[in-house]
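Below, all heavy atoms of this structure are taken into account, side chains as well, without hydrogens, waters or symmetry copies.
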Amino acid sequence: MSCEDVVLNEEFSCRGIIDSHAHYFDRRFEAEVEGGAESILQNEVFGKGISAVINVGTNPENSILCIEQARRYEKMYAAVGVHPEDCQHLDGSAAEELAKIRTLLDTPKKRAENKIVAIGEIGYDYYWQPVDKARQTEFFECQLEMAREFSLPVIIHDREAHGDCFDTVMRHPETVGVFHSYSGSAEMAKELVKKGFYISFSGVLTFKNARKAREVAAVVPRDRILIETDCPYLAPHPLRGHINNSSYMVYTAKTLSDILGLGFDDVVNLTANNAKRLFEI
């Protein structure tokens with residue numbers, strides 16, 4: 001089955017959906033899609049009514065690409081930061097590498113020109129071995145402090161590091177944001193929400209084996225739920241395995257509407273309003 005063989009259910013429109021976490025600068029788009037990311041953004045994303053996209057950097061180099069791309073689209077915004085996996089492959093110290101991020105946002109004028117609405121994505125990733133926990137911790141802590149300094153929300157990456165992620169954000173009570181593509185427990189989600197965090201669900205919510213994610217979605221307060229793609233990754237069922245894009249979020253929104261017992265349009269409006277509040281867009 002190819003992407004061309006899949007017809008999105010015309011009953012559900014993309015209009016009004018906000019994709020709270022995407023990576024449209026990712027090289028997979030250029031390698032796998034004719035016309036690359038620009039073709040998808042023009043035709044499949046904004047062309048189909050997606051209301052806004054948060055384009056999220058993972059290192060100093062692609063954070064610049066993220067900003068450049070956001071500047072070309074009225075409804076795209078940027079987040080800049082160093083991902084825990086990326087930090088292990090950068091040559092410089094945390095201070096040197098994060099100075100590059102700081103130069104992108106260190107004045108209100110720069111933040112506005114660069115359309116920066118968050119620091120991210122940051123956090124811990126214990127999946128890919130070997131793990132340099134000390135280096136990940138230094139980058140994470142410094143970026144949480146940077147977010148506090150500039151009064152920006154954070155976008156948290158937490159992969160197989162739930163306890164350490166939770167403990168670290170709790171040490172920074174003035175900094176809040178969103179745990180993206182949430183994979184932790186319902187109990188932890190409730191505590192994060194109490195602290196002020198939002199919880200975001202990706203296409204994983206639609207997977208047949210995603211019982212845990214659906215249980216979490218059912219208990220998160222409705223004013224703290226976001227949806228996302230994490231594209232080009234995590235395409236929802238029935239497009240699992242394909243290169244993802246924001247128009248596929250109709251499947252995630254429909255699954256969430258079933259979980260919450262709300263109408264599809266209600267879920268679109270709910271999650272969009274939550275994203276607007278968090279990112280101030």
Side-chain angles (χ1 to χ4, degrees), residues 1-15 17-37 39-41 43-50 53-56 58 83 85 121 123 125-128 155-160 162 178-186 189 199-218 220 225-260 262 264 267-268 271 275:
M1 180 176 64
S2 68
C3 286
E4 290 76 19
D5 295 326
V6 177
V7 178
L8 290 176
N9 190 332
E10 295 181 359
E11 181 182 351
F12 304 111
S13 169
C14 295
R15 192 161 303 281
I17 291 174
I18 291 183
D19 185 350
S20 67
H21 193 108
H23 306 287
Y24 278 107
F25 51 81
D26 193 288
R27 294 175 182 174
R28 279 191 62 192
F29 287 109
E30 304 307 315
E32 300 178 33
V33 178
E34 185 176 355
S39 174
I40 287 180
L41 286 165
N43 300 314
E44 299 297 318
V45 179
F46 300 123
K48 288 188 175 179
I50 293 294
V53 173
I54 311 300
N55 206 25
V56 184
T58 66
H83 187 287
E85 184 186 351
E121 65 186 278
D125 191 315
Y126 293 170
Y127 178 79
W128 298 105
I155 299 173
I156 303 293
H157 173 98
D158 168 17
R159 191 171 189 187
E160 299 190 4
H162 306 318
V178 56
F179 270 64
H180 102 89
S181 193
Y182 186 78
S183 60
S185 68
I199 306 296
S200 181
F201 298 94
S202 66
V204 170
L205 192 69
T206 70
F207 295 176
K208 294 179 179 178
N209 61 349
R211 177 184 57 82
K212 181 179 177 182
R214 290 192 285 271
E215 289 175 351
V216 175
V220 173
I225 299 178
L226 302 181
I227 53 176
E228 63 172 90
T229 55
D230 199 20
C231 69
Y233 310 100
L234 302 182
H237 176 80
L239 298 164
R240 192 172 181 180
H242 294 300
I243 191 165
N244 199 7
N245 76 70
S246 304
S247 72
Y248 295 167
M249 290 178 68
V250 291
Y251 294 108
T252 307
K254 178 60 172 66
T255 299
L256 185 58
S257 74
D258 292 341
I259 293 168
L260 299 181
L262 296 174
F264 178 86
V267 163
V268 169
T271 56

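Within the structure, salt bridge (Lys or Arg N to Asp or Glu O under 4.0 Å) contacts touching residues 230-250 (residues at least two apart or in different chains) do not occur. For residues 243-257, every residue pair satisfying the salt bridge (Lys or Arg N to Asp or Glu O under 4.0 Å) rule, not counting sequence neighbours, is listed here: Lys254-Asp258.
Remark: Cys231 SG to Ile243 CD1 distance equals 8.0 Å, nearest 0.5 Å. Separation of atoms OG (Ser185) and NZ (Lys212) is listed at 6.5 Å; rounding is to 0.5 Å. Rounded to the nearest 0.5 angstrom, Glu121 CD and His180 NE2 are separated by 4.0 Å. In this structure, CD1 in Ile227 is found 12.5 Å from OG in Ser181, a value given to the nearest 0.5 Å. Between Leu226 atom CG and Ile18 atom CD1 the span is 9.0 Å, to the nearest 0.5 Å. Rounding to the nearest 0.5 angstrom, the gap separating the CG atom in Leu41 from the CZ atom in Phe29 is 7.5 Å.
Between Arg159 and Trp128 the shortest side-chain heavy-atom distance falls below 4.5 Å. Residues Tyr251 and Pro238 form a side-chain contact, since some pair of their non-hydrogen atoms from C-beta on lies under 4.5 Å apart. Using a 4.5 Å cut-off on side-chain heavy atoms (C-beta onward), Leu205 and Arg214 make contact. A 4.5 Å side-chain heavy-atom check between Phe25 and His23 finds at least one atom pair inside the cut-off. Annotation: side chain of Val45 is in contact with side chain of Tyr24 (closest heavy-atom distance under 4.5 Å). Between Ser200 and Phe179, every side-chain heavy-atom pair lies at or beyond the 4.5 Å cut-off. Put simply, the side chain of His162 does not reach to within 4.5 Å of the side chain of Glu160, judged on heavy atoms. In this structure, Val250 and Cys14 have side chains that are in contact, with non-hydrogen atoms separated by less than 4.5 Å.
Formation of a donor-acceptor pair under 3.5 Å by the Thr206 side chain with backbone atoms of Gly203 is found in this model.
Listed by chain and number, the residues in a side chain to side chain donor-acceptor pair (under 3.5 Å) with Asn244 amount to none (sequence neighbours excluded). Taking Arg27 as the reference, nothing meets the salt bridge (Lys or Arg N to Asp or Glu O under 4.0 Å) condition, with sequence neighbours excluded. Residues forming a ring pair (Phe, Tyr, Trp, His ring centres under 6.0 Å) with Tyr126 (at least two apart in sequence, or on another chain): Tyr124. His83 pairs by the ring pair (Phe, Tyr, Trp, His ring centres under 6.0 Å) definition with His157, not counting sequence neighbours.
Heavy-atom minimum distance, Ala217 versus Leu260: O-CD2, 3.6 Å. Closest approach of Arg28 to Pro232, counting heavy atoms only: NH1-O, 3.5 Å. Residue Ser202 comes nearest to Thr252 through the heavy atom pair O-CG2, 3.5 Å, listed as atom of the first residue, atom of the second, then distance. Contact between Val220 and Ala189 at its shortest, heavy atoms only, is CG2-CB, 4.3 Å. Residues Leu239 and Ala235 share a closest heavy-atom pair of O-CB, 3.4 Å. Pairing each heavy atom of Ile50 with each of Ser246, the nearest pair is CD1-O, 3.5 Å.
Looking only at atom types and distance, the side chain of Glu32 has no donor-acceptor partner in the side chain of His242 under 3.5 Å away. Of the N and O atoms on the side chains of Tyr233 and Asp26, at least one donor lies less than 3.5 Å from an acceptor on the other residue.
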Could you go step by step and tell me if Ile225 and Ile199 meet the side-chain contact (heavy atoms from CB on, under 4.5 Å) rule?
CA-CA 5 Å; Ile225 299 178; Ile199 306 296; 5.9 Å; no

Please determine whether side-chain contact (heavy atoms from CB on, under 4.5 Å) holds for the pair Ile40 and Val33, giving the CA-CA distance in whole Å, both sets of side-chain angles, and the decisive distance to 0.1 Å.
CA-CA 8 Å; Ile40 287 180; Val33 178; 3.8 Å; yes

Step by step, work out the side-chain contact (heavy atoms from CB on, under 4.5 Å) result for Thr271 and Ile17.
CA-CA 8 Å; Thr271 56; Ile17 291 174; over 6 Å; no

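Screening Ile54, Asn55, Ile155 against His21 for a side-chain contact (heavy atoms from CB on, under 4.5 Å) leaves a single residue, Ile155.
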